[in-house]
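Naming: A, B, ... by sequence-line order, numbering from 1 per chain.
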Amino acid sequence: MQPFSFEVIKTCAQTGARLGVLHTPHGDIETPCYMPVGTRATVKAMSPRDLLDVDAPIILSNTYHLYLRPGHELVREAGGLHSFMAWPRPILTDSGGFQVFSLGDTNRVYEDGVEFRSHIDGGKHLFTPEKVMQIEQALGADIAMCFDECAPYPSDEPYTKAAMLRTHRWAKRCQQAHTGHDQALFGIVQGGMYASLRIESAKAIADMDFIGNAIGGLSVGEPKGMMYDMLEAMMPFMPPGKPRYLMGVGSPDCLIEGVIRGADMFDCVLQTRIARNGLALTHFGRRMLRNKEFARDFSPIDENCACYACKNFTRAYIRHLIKAKEILAAQLLSIHNIYYTLHCMKEIREAIKEDRLLRLRGEWAARGGMD
RNA sequence: GUGGGUAUAGUUCAGAUGGUUAGAAUGCCAGAUUGUGGCUCUGGAGGUCGUGGGUUCAAAUCCCAUUACCCACC
């Protein structure tokens with residue numbers, strides 16, 4: 001039996017949305033799905049027990065960070081990421097392509113790869129497609145991402161095109177260097193904010209026949225409308241029989257807009273990052289629980305939520321924890337934000353099943369949940 | 001009781017020789033955050049300079065008195 005397969009169970013009658021299941025060695029993932037981010041082999045402020053409790057189907061981790069610390073060979077010695085971090089469900093590792101460019105202050109791009117300095121100790125390193133494949137295979141996630149170049153926003157067309165073509169060549173090298181069948185490799189489409197490049201990139205990556213295809217280089221600071229335009233331009237060229245992963249997205253509004261345009265997988269640090277700063281996502285929009293208006297508010301974070309934090313604690317208590325800089329504030333808000341986002345995805349899947357995805361979007365907008 | 005010291009933002013403190021609108025940190029209030037350099041960044045409000053006199057064109061700053069607290073000695 002194939003360790004990986006993707007079934008499209010239903011295609012939405014009104015939009016480009018699809019309902020599907022992605023089968024992996026560590027379990028099945030219903031799509032569209034949201035994947036919490038655990039950059040350094042931990043979803044910040046959440047234990048695997050918390051993640052199972054909110055029923056996260058899959059989590060992300062990061063090649064760049066784990067390579068620098070503790071080192072991929074150490075993770076291999078530990079028996080791979082699943083064993084090392086005690087997470088039984090699927091894992092996807094990002095390739096580090098994004099981090100090399102967003103974190104490395106002195107990186108240099110060559111045809112062979114990228115030379116960068118560690119943000120931890122300043123040490124010099126070289127990432128090539130082959131090296132990244134070696135690292136990702138040592139980490140042993142279910143899904144590995146190709147090493148790509150994410151051009152910064154804004155970038156001019158000539159540079160964006162050069163980075164895109166380099167990404168295609170690197171994708172080919174990743175594919176050749178990637179061996180074994182217990183890990184799926186996904187290709188990444190680039191092309192910046194140029195529709196013609198997006199289409200060209202989608203076709204090129206599709207031709208390489210990866211198990212799944214990702215959309216990179218979006219949600220990097222551009223207006224949301226621009227991101228949606230890019231998705232609409234490229235989606236007809238993204239193979240319908242394979243999962244489409246929109247990298248780095250997103251907030252609840254971007255999730256439903258992405259699904260409507262045909263994306264199946266999403267990841268985003270927003271949920272856990274804003275949780276650590278006292279912000280909760282709710283059915284009625286974002287709530288800054290740090291604010292004084294909640295000092296004597298003894299209702300739950302979100303009155304319509306069934307998560308552990310909402311069932312047991314009040315806004316007043318969580319505000320107190322935030323003001324006192326207690327760790328539990330980040331824990332409870334992370335649990336809530338992840339639970340809430342996973343719940344949104346569940347609502348989206350139900351709506352696709354019942355052909356009412358556009359109505360769901362209208363309902364979210366009406367109650368303020370798209371803010 | 002005697003001698004000395006301190007008193008400036010909610011708090012801890014900066015403010016040479018007197019000179020525009022008295023600063024910082026922290027706290028407080030509010031924003032930001034989208035393939036994460038975890039606990040960050042940005043902005044805002046907040047002070048009759050212990051009190052009362054005096055000198056001076058001008059006093060947080062110099063002089064006198066007074067109050068509170070701290071230290072030493074009796």
- Query: Are the side chains of A:D142 and A:H82 in touch, meaning some heavy atoms are under 4.5 Å apart?
  - Reply: yes
- Item | Closest non-hydrogen atom pair, A:R117 against A:G122 | NH1-O, 2.7 Å
- Query: Going hydrophobic residue to hydrophobic residue with side-chain gaps under 4.5 angstrom, can you get from A:V269 over to A:I91?
  - Reply: no
- Note on the structure: Within residues 224-255 of chain A, those residues having any heavy atom closer than 4.0 Å to RNA chain B are A:K224, A:M247, A:G248, A:V249, A:G250, A:S251, A:C254
- Message: Is there a side-chain contact between A:N213 and A:F186 in this structure, where contact means two heavy atoms from C-beta onward sitting under 4.5 Å apart?
- Response: no
- Find out if a path of hydrophobic residues (ILVMFWY) with successive side-chain heavy-atom gaps under 4.5 Å connects A:M345 to A:L52. yes
- Message: Within residues 184-199 of chain A, which residues have any heavy atom lying less than 4.0 Å from an atom of RNA chain B?
- Response: A:I188, A:Q190
- Task: Tell me, yes or no, whether the heavy-atom count around A:R367 atom CZ, taken from other residues, nucleotides or ligands under 6.0 Å, exceeds 12.
- Result: yes
- Task: May I ask you to say what A:N62 touches in the nucleic acid, namely base, sugar-phosphate or nothing, with a heavy-atom cut-off under 4.0 Å?
- Result: sugar-phosphate
- Task: Give, ordered by number, those residues of residues 131-142 of chain A having at least one heavy-atom distance below 4.0 Å to an atom of RNA chain B; if nothing qualifies, reply none.
- Result: none
- Message: Looking at every heavy atom in both A:Y317 and A:L328, which two are closest together, and how far apart are they?
- Response: OH-CD2, 3.7 Å
- Note on the structure: Contact check, residues 155-170 of chain A vs RNA chain B, heavy-atom distance under 4.0 Å, returns none
- Would you check if the side chain of A:E115 reaches a backbone N or O of A:L126 as a donor-acceptor pair within less than 3.5 Å? no
- Message: Students often get this wrong, so: under 4.0 angstrom with heavy atoms, is A:N277 touching a base, only sugar-phosphate, or nothing?
- Response: base
- Item | Length of the line joining A:I256:CD1 and B:U34:C1', which is rounded to integer Å | 17 Å
- Note on the structure: salt bridge (Lys or Arg N to Asp or Glu O under 4.0 Å) pairs touching residues 9-23 of chain A, sequence neighbours excluded, are A:K10-A:D355, A:R18-A:D264
- Task: Please work out if A:R69 contacts a base, only the sugar-phosphate, or nothing of the nucleic acid, heavy-atom cut-off 4.0 Å.
- Result: nothing
Donor-acceptor contacts, no H, no angles, side chain residues 187-197 of chain A, under 3.5 Å, sequence neighbours left out:
unit_1 : atom_1 : unit_2 : atom_2 : d
A:Q190 : NE2    : A:D148 : OD2    : 2.8
A:Y194 : OH     : A:S155 : O      : 2.7
A:Y194 : OH     : A:E157 : N      : 3.2

- Item | Syn/anti state of B:A45 by chi, 90° boundary around 0 | anti
Can you list, pair by pair, the side-chain donor-acceptor contacts under 3.5 Å of residues 32-44 of chain A, counting residues two or more places apart and other chains?
unit_1 : atom_1 : unit_2 : atom_2 : d
A:Y34  : OH     : A:C268 : O      : 2.8
A:Y34  : OH     : A:Q271 : OE1    : 3.1

- Please state whether the phosphate of B:U33, meaning OP1 or OP2, lies under 4.0 angstrom from any side-chain nitrogen or oxygen of A:R276. no
Show which side-chain atoms of residues 284-291 of chain A pair as donor or acceptor with protein atoms under 3.5 Å away, not counting sequence neighbours.
unit_1 : atom_1 : unit_2 : atom_2 : d
A:R287 : NH1    : A:I301 : O      : 2.8
A:R287 : NH1    : A:E303 : OE1    : 3.3

- Item | Close side-chain approach of A:D50 to A:Y308, heavy-atom, < 4.5 Å | no
- Message: Using a 3.5 Å limit on both distances, find every run of at least three consecutive Watson-Crick or G-U pairs that involves RNA chain B.
- Response: B:1-7 with B:67-73, B:10-13 with B:23-26, B:28-32 with B:40-44, B:50-54 with B:62-66
- Message: Students often mix this up, so state it plainly: with edges at 30° and 60°, are the rings of A:W170 and A:F147 parallel, tilted or perpendicular?
- Response: parallel
- Message: Taking A:T93's backbone N and O only, do any of them form a donor-acceptor pair with A:S61's side chain (distance below 3.5 Å, no angle check)?
- Response: no
- Indicate yes or no for a side-chain donor-acceptor contact from A:H336 to the backbone of A:L281 under 3.5 Å, with no hydrogens or angles considered. yes
- Item | Distance-minimising heavy-atom pair for A:A171 and A:F210 | O-CZ, 3.7 Å
- Contact class for A:I327 (heavy atom, under 4.0 Å): base, sugar-phosphate, or nothing? nothing
- Message: Please classify the nucleic acid contact of A:G97 as base, sugar-phosphate, or nothing, using heavy-atom distances under 4.0 Å.
- Response: nothing
If you restrict it to nitrogen or oxygen atoms, what contacts under 3.5 Å exist between nucleotides 26-29 of chain B and the protein, and what is each distance?
unit_1 : atom_1 : unit_2 : atom_2 : d
B:C29  : OP1    : A:R319 : NH2    : 2.7
B:C29  : OP2    : A:K323 : NZ     : 2.3

- Query: Separation of A:L328 atom CG from B:G38 atom P, in whole Å?
  - Reply: 21 Å
- Task: Mind jotting down which residue pairs meet the side chain to side chain donor-acceptor pair (under 3.5 Å) criterion with at least one end in residues 235-262 of chain A? Sequence neighbours excluded, please.
- Result: A:D209-A:K242, A:K224-A:D253, A:E232-A:R261, A:Y245-A:D267, A:S251-A:D253, A:E257-A:R261, A:E257-A:R361
- Using heavy atoms to find the nearest nucleotide of RNA chain B for A:A330 and A:A151 separately, return the residue whose nucleotide is more 5′. A:A151
- Task: Would you tell me whether A:H178 and A:Q183 have side-chain atoms, one donor and one acceptor, within less than 3.5 Å of each other?
- Result: yes
- Message: Are A:R173 and A:M133 packed together at the side-chain level, in the sense that at least one heavy-atom pair is separated by less than 4.5 angstrom?
- Response: no
- Message: Under 4.0 Å, heavy atom to any atom of RNA chain B: which of residues 29-50 of chain A qualify?
- Response: A:V37, A:T39, A:R40, A:K44
- Task: Treat each ILVMFWY residue as a node, draw an edge where side-chain heavy atoms are under 4.5 Å apart, and state whether A:Y64 and A:I59 are in one component.
- Result: yes
